[in-house]
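Working notes for the structure below.
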Amino acid sequence: MNEQLTENKSIYLQISEMIETDILREILLEEEQVPSTNELAKQYTINPATAAKGINLLVDEGILYKKRGIGMFVAAGAREKILSKRRRAFLETELSRLLEEAGRLGITKEELIDMIREKAQ
Amino acid sequence: MKLVCNDLVKTYGHKNAVDHVSLTLEQGKIYGLIGRNGAGKTTLLSMLTAQNPATSGTVTLDGEPVWENRRALDHLCFSRELNVSQENGVGAIKVKEYLRLASYYYPGWDSQLAKRLVELFDLPVKKKLMKLSKGMLSMVTIVVALASKAAFTILDEPVAGLDVVARENFYKLLLEEYAATGRTFVISTHIIEEAADVLEEVIILHQGKILTVANTQELVDSARYVSGRAEDVDAAVEGLTVCHSETMGRSKGATVFLKPGEQIRPGCDVTVQPINLQKVFVAMCGEEAH
Amino acid sequence: MARGYRFWFRYLWQTVAVGAAAAAVMFLLTGVGINIRWVQISGVLAGLPYYLVLGSAIALTMICFTTHLVYFPLVLSLGSTRREAFLGFLLYRLGTVVVTTALCLALLLPTATGETWQLLPVWVLILLFSCSLGSLMGLSYQKLKFLGILMMVVLFALVGGCVGFFLAGGEAQIFVDLFAALGRYVVIGGILWLLSAALDLALTHLALKHREVKL
């Protein structure tokens, strides 16, 4: 929870992604409480409603769940869910962006695959 | 509780400083009132709190007129910018005295909080207001606003003269108080970018008129800056709400607002970038510069 | 309800204090001149109420003047209603007159004679006049700056003249005589004051209604 906010993306998306990243890195463990909207609001000097929107996004996806009167907790299996979601996103966004830029630069598919192989070694 | 103004007008000479403004402020939100110098921010806020009479129109709190109404005024606090350079003598009042006078008028005055804030800001309570720096005067107005505990608290340019650390501290204090009490805050400012993330709703005032009242995040999320070859940009934004555009040789940049369901036409070779509240504001209010 | 008036009561005590301080200053200043002629302490003490009236009159004039310029916008900016400001100002002035008069009476009781009691209406009138005059000056200063300044200059010249007169070793007895002479015109003075007060209240009421807060 110590990343910096940027201007390039909606704040609430950044909040939810930050929590996801912390879960992936096991900074936040499953069945553990996450910071409250007010704590997040104060930490990042953002409106609590915005922080709540980010948290609710994760609740809708089943990554966080609410314990009445206590707060928000990381759901069991949250890490798995985030991993598969990020993999899908990687395929859809990152790879298409890569292909688009490759197309603009006139790099063929075969060349691209070779470049990836070379770089990965 | 709701603070509502209806068709509010303030005329100075032949000019409408506030021009037929209707607005509803709900309990439990942080509003930002942004506008250029002379847009009518202070005049509007003065009328909302019955500090200045309106030329026409009404202001009500829960249906009751605010004007000359002690019950309504008990829920309102408009902590004005203190301008002690003028020859009017408020500057001769000591900080301590000013805070004491404020405590007389606000029924919910929290003297503990006032004391804590005075210590936090390191305010020289024994000094006269006119001996204080611009930043210190802003801090005095912040102390009054927060300690008043009024359900609707309005701050006029609270961060003017504050350095970046003090500004950050102010917003943190504000959020702390907001989280603890759910009071409504209205903050007028022209230092927009830092305030943007704190403001739930933003009210843009331009030449006495309200340009927009919107959820800050939704407004910023709906705005895009599209740039590229002029023809491509025109094709990409065709049929969309273009607010502001600029050209340079063959290239063009345009600020557009997407309504729900709309999108920049795909397949055009253009760069689409998100923009921040400050740029949204400039796109909306910076027109006459051309 | 009382909350809206606390401000004005605070200023009541402060005005009395300022008036007493002004009286003390005049007393000390003139004491130098008087000592030569008035050797008896009791005679000097008998003059004290006169100083108190004059001191309070100056303080009242100044504060009533300032009220229009500073205190009205100040209390309105802190959420006072205009009605509270109007009534508070009125109560503050009447209160100050009553307290000052009571103080004078207390000082006079030990040496009071029949003549002294006849002076009472004069004192009260002087104090009441300062209230209306100060307020009218404040009002005119706001609308027509030069008129307010002119009134202030005349007033200060009068006060300065008095102090100068004392310092030059003038007979304090002249003031006692002057007060006594004024006593003969109490009724006319009263009517004049009523007129000025009515004018002041009407104008103050009107000004408050349209008053805009600028700090």
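Chain identifiers are assigned alphabetically (A, B, ...) following the order of the sequence lines, protein sequences preceding nucleic acid strands; residue numbering begins at 1 within each chain.
By the neighbour-count criterion of 12 heavy atoms within 6.0 Å, atom NZ of K29(B) is densely surrounded, having more than that number from other residues, nucleotides or ligands. More than 12 heavy atoms of other residues, nucleotides or ligands shown are found within 6.0 angstrom of CZ on F86(C). Within a 6.0 Å sphere centred on NZ of K149(B), heavy atoms belonging to other residues, nucleotides or ligands number more than 12. Within a 6.0 Å radius of NZ in K134(B), more than 12 heavy atoms belonging to other residues, nucleotides or ligands are found.
Taking 4.5 Å as the limit, some side-chain heavy atom of E97(B) sits within range of a side-chain heavy atom of R10(C).
In this structure, the portion of F78(B) lying under 4.5 Å from any heavy atom of chain C is its backbone and not its side chain. Looking at Y11(C), only its side chain comes within 4.5 Å of chain B, counting heavy atoms on both sides. Using a 4.5 Å cut-off between heavy atoms, A102(B) touches chain C through backbone and side chain atoms alike.
In terms of heavy-atom pairs under 4.5 Å with chain B, the best-connected choice from V75(C), L76(C), T81(C) is T81(C). Most heavy-atom pairs under 4.5 Å with chain C, from the set T42(B), N69(B), L73(B): that is L73(B).
For the atom pair S77(C) OG and L101(B) CG, the distance stands at 9.5 Å (nearest 0.5 Å). Considering OG of S80(C) and CD of E68(B), their distance stands at 8.0 Å, rounded to 0.5 Å. The OH atom of Y12(B) lies 3.5 Å from the CD atom of E212(C); values are rounded to the nearest 0.5 Å.
Residues P107(B) and R3(C) share a closest heavy-atom pair of CD-NH1, 3.5 Å. Shown here for K209(C) and P53(B), the closest heavy-atom pair between the two residues is O-CG, 3.9 Å.
For R80(B) (side chain) and V213(C) (main-chain N/O), a donor-acceptor pair under 3.5 Å exists by modelled atom type. In this structure, R6(C) contributes its side chain and Y105(B) its backbone to no donor-acceptor pair below 3.5 Å.
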